[in-house]
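Before any comments, here is the structure.
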There are 2 protein chains.
Amino acid sequence: MAKKKQETLSSEEKIKEAARKVFMEKGYAATRTRDIAEAAGINLALLNYYFRSKEKLFELVMQEKLSSFFGLMLPVLQDPASSLSDKIHTIADRYINMLADNPDLPLFVLNAMRNAPKKFVAMLKGADHVLHSVFARQLKEQNPDVAPEQLFINIIALCIFPFAMRPGLEVLSPEIGVQFNTLMEERKKLVPKWMKAMLKVK
Amino acid sequence: MAKKKQETLSSEEKIKEAARKVFMEKGYAATRTRDIAEAAGINLALLNYYFRSKEKLFELVMQEKLSSFFGLMLPVLQDPASSLSDKIHTIADRYINMLADNPDLPLFVLNAMRNAPKKFVAMLKGADHVLHSVFARQLKEQNPDVAPEQLFINIIALCIFPFAMRPGLEVLSPEIGVQFNTLMEERKKLVPKWMKAMLKVK
DNA sequence: AAACTTTTTAATCAAATGATTAATTTTATC
DNA sequence: GATAAAATTAATCATTTGATTAAAAAGTTT
């Protein structure tokens, strides 16, 4: 069972796990350190014993989440060996897979970027060359008439936004809610096709 | 001057204005009623005098924002007189215009939908027929091979997501930051073209 | 097993926070 | 201009919340 594993985790790791869960679900401000302690099944004081403060613990989680979020994209953008089509396919496939398992990640990352742009800058030092990446160059080669930024925004938007707006979609159309996973699965093939079609637009 | 107008606002209206501003910038949990009182230039007790509680005031603002956010889209989706192409053009144009003036709106709405799906359901009662709208029917007519939900998601994603991810974009590529407004202006024409191209994808 | 270190706990603190109260000032009504 | 109603204020409450402390328990070393 999953329980067995949890029980054998160290207190430090139990707190981290709980912090990931609660911070992702409620965000920094709405999270109480007591929520985390309770979810972890540990004494509140242990949180400060291991992590000094709520903020430090949050930064740890944020660092992790930003890494897994951008780590999935950045190496692909810079890969000189793969074609543009390959890159688009890989990005769509990876993001849709990952977000199916981490539905709260997009909103968490968007909020983190908005609320702490400075820390965020520091974290992504060295990753700030999207515009001069191999990916951008390949986009430009394929379609010199549209700014590569536009198409970069598009692939990210098409892959990630559906997950961010899922709760809204479920209200606007309950049917979408029940078939959401299927729709996202379809998107793995559709996004590359759509991108290909958009690349032809002048 | 803009000041003149503000000074003549009633206390009630000053509080609402300040609440809009602070809630939009920081979200519900991170906002202190004292922040709002200070921004409004009124005594803290007046907030409760006019609005009973922080939560009631927030719901008022949320109601307003959701209305302006969805009110822009829903009538278009149901318009039997306009063509599919017209609808797409109208939606892109309106959203990009509106979000240029309200950059925090997307994240605010996404968070509101995620955090209070129940209240959100109540608010949008009667607007829950995206899938059976004229727009959805027109999409289906134009391309029976792709679920209309997919293309509905796409136009929303292409228009709204760039604003939600703007802080991230500015870090990933400072150049995008400076030319953001220009890029969004270009998108008014590009989004309809892209949608047209995507509609042909089987 | 004594001495020492690390981990864990219960109790508590100080500051922050949403809300209320009672008094005062301003505005409207007669 | 007196009287009542509405608006505003300063002071205060009760809780919540992040964090600390001092003591106890568990684990390690010699």
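Every heavy atom of this structure was used, including side-chain atoms; hydrogens, water molecules and symmetry mates were not. Every chain is numbered from 1 and lettered A, B, ... according to where its sequence line falls, protein lines coming before strand lines. On a predicted model such as this, the values are computed, not experimentally measured, just so you know.
Considering only the side chain of Thr33(A), dG18(D) comes nearest among dG18(D), dT9(D), dT21(D). Distance from the side chain of Ala45(B) is smallest for dT9(D) among the nucleotides dA10(C), dT8(D), dT9(D). Nearest nucleotide to the side chain of Leu46(A), out of dT8(D), dT8(C), dT20(C): dT8(C).
By the 30° and 60° cut-offs, the orientation of the rings of Tyr28(A) relative to Phe23(A) is parallel.
Side-chain N/O atoms of Tyr49(B) include none lying less than 4.0 angstrom from OP1 or OP2 on dT8(D). Regarding contacts with the backbone of dT8(C), a side-chain N or O of Tyr50(A) is found under 4.0 angstrom from either OP1 or OP2. Asn43(A) has no side-chain polar atom (N or O) that falls below the 4.0 Å cut-off from OP1 or OP2 of dT8(C).
In this structure, the CG atom of Asp35(A) is 16 Å from the C1' atom of dA19(D), given to the nearest Å. At whole-Å resolution of the value, CD1 in Ile42(B) and C1' in dA6(D) are 16 Å apart. Leu9(A) places its CG atom 16 Å from the P atom of dT7(C), with the value rounded to the nearest Å. If you measure from atom CZ of Phe58(B) to atom P of dT17(C), you get 17 Å, rounded to the nearest angstrom. Straight-line distance from the CG atom of Leu44(B) to the P atom of dT20(C): 11 Å, rounded to whole Å. Atom-to-atom, CG of Asn48(A) to P of dT7(C) comes out at 15 Å; the value is rounded to the nearest Å. Following rounding to the nearest Å, Lys56(A) (NZ) and dG18(D) (P) show an atom-to-atom distance of 15 Å. If you take CZ of Arg52(A) and C1' of dT21(D), they are 15 Å apart, rounded to a whole angstrom.
Across all strands shown, Phe51(B) has no heavy atoms under 4.0 Å from either base or sugar-phosphate atoms. Within 4.0 Å (heavy atoms only), Leu47(B) reaches no atom of the nucleic acid at all.
Between Arg166(A) and Glu170(A) there is a salt bridge, since at least one side-chain N of the basic residue sits less than 4.0 Å from a carboxylate O of the acidic one.
For Arg32(B) against dG18(C), a side-chain-to-base donor-acceptor contact under 3.5 Å is absent.
Ring to ring, Phe163(B) and Phe180(B) are close: their centroids are under 6.0 angstrom apart.
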Run the numbers on Leu77(A) and Ile91(A) for side chain to side chain contact (heavy atoms under 4.5 Å, CB included), then give the verdict.
-> CA-CA 9 Å; Leu77(A) 299 185; Ile91(A) 289 177; 3.9 Å; yes
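Separating the CG atom in Asp93(B) from the CG atom in Leu72(B) is a distance of 10.0 Å, to the nearest 0.5 Å.
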